[in-house]
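Source: prediction; values computed, not measured. Numbering of residues begins at 1 and proceeds along the displayed sequence.
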Amino acid sequence: MSGIWAYVTRRLGLTLIILLAVSFAVYVIFSLLPYDPAALTCGKNCNDPGIIEANRVRLGYDKPFWEQYWLFLSGLFVGRSFGTGAAAIFCPAPSFGYSFQQHGCVTNLLVDALPVTIYLAVGALILWLIVGVGLGIISAKFRGKIWDTLSTAFVLIGTSLPTFLTGLMLIIFLVIKLDGSPFPSDGYTAPEEDFGQFLLSMVLPWVTLAFAFAAIYTRFVRSQILEISTEDYIRTAKAKGLSDGRILGKHTLRAALAPIVTMAGLDFAGLLGGAILTEAVFNLPGMGRLSLKAVVDIDLPVIVATTILAAAIVVVMNMILDIAYAFIDPRVRV
């Protein structure tokens, strides 16, 4: 067991280094943008040099780059104050800065938006795994038959339709044109407010995202099963007289599980950064809409925070998958 814990320790250390490098790279990129972040704090049409300079000092943009970056990093652990005296604004740790456009600490904006995106990503993940893996198995098992043809048609439609078009079609036919539609047309409802209404408000976004991903997973699972079915140990199992169902469940699916888990983990991590189109179509106040609003308003603190958070989620998910593999397959530790 000492070997596996040494591997876990190495992966944790490497992840911390990568996260630090990601935060530095993002900070450098946005510091090179042709915008004065202090001028953006009082609106696009701010022409008062005094206000601009006061905001520059208040947010620390008057300091050298390295000091700015250090203040940003330290704010993640101990919080950070913006301004001095009675007018100072304190954002507790982890502090990603302060947004003048939205008049709040960026961390609070992330805390409000992230749960919505998590609900969207988790629901879509469950749905697309059930449909995608199920159809992939059926398609491989009945290769060349009608079920295979129908699943192929599903794959073609799912991979061809953009998510925003799928979402709009669902809204038109299941909300607008359907008399007495159970699906709400006024956007998102938090689960703590009304859980039943929350589920109804999330069904169509879940289906929209899952439709595209399920098509990809159907094709992937089908190809994995067909490829594994040609392996020698599968032929040996058939020669021993094992039933097709037992071979599929005990041997084929187990071998196909690792790449499916990897693919699902990375797709899920990518969605946690914000499903921008889906959230925009269904008016969901998640990470995607927060990022889009920040880009439109050129709200640099929010853009930096959402970019770093999305990258951090992907890096951490990679670490979790690597550590999980180390427990499953001892060869990975080497």
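- You'll find the ring centres of F282 and F183 outside the 6.0 Å limit.
- Here the side chain of S181 pairs no donor or acceptor atom with the backbone of K177 at under 3.5 angstrom.
- At distances below 3.5 Å, not a single donor-acceptor pair connects side-chain atoms of T189 with backbone N or O atoms of D194.
- With sequence neighbours excluded, the residues satisfying salt bridge (charged side-chain N to carboxylate O under 4.0 Å, His left out) with R235 are D232.
- With hydrophobic clusters built from ILVMFWY side chains whose heavy atoms lie under 4.5 angstrom apart, V26 shares a cluster with I298.
- For the pair S74 (side chain) and L71 (backbone), a donor-acceptor distance under 3.5 Å is present.
- Looking at Y119, its side chain never comes within 3.5 Å of a backbone N or O of P191 through a donor-acceptor pair.
- The number of heavy-atom neighbours closer than 6.0 Å to CZ of F77, taken from other residues, nucleotides and ligands shown, is 12 or below.
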Tabulate below the donor-acceptor pairs under 3.5 Å that side-chain atoms of residues 132-141 make, not counting sequence neighbours, or state none.
from	atom 1	to	atom 2	distance (Å)
S139	OG	D148	OD1	2.5
S139	OG	S151	OG	2.9
S139	OG	R222	NE	3.0

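- Side-chain contact, S23 with Y69: a donor N or O sits under 3.5 Å from an acceptor N or O.
- Considering only heavy atoms from C-beta on, M263 comes within 4.5 Å of I216 through its side chain.
- Pairing each heavy atom of R289 with each of P285, the nearest pair is NH2-CB, 3.3 Å.
- When atom types are taken as modelled, the side chain of N108 and the backbone of G104 share no donor-acceptor pair closer than 3.5 angstrom.
- Crowding of F24 atom CZ: a count of heavy atoms from other residues, nucleotides or ligands under 6.0 Å exceeding 12.
- Between F72 and F96, the closest side-chain pair of non-hydrogen atoms falls below 4.5 Å.
- Judged by distance alone, with hydrogens and angles left aside, the side-chain atoms of T278 form no donor-acceptor pair with the main-chain N or O of P205 at under 3.5 Å.
- With contacts defined as side-chain heavy-atom distances shorter than 4.5 Å, the pair L209/W128 does not qualify.
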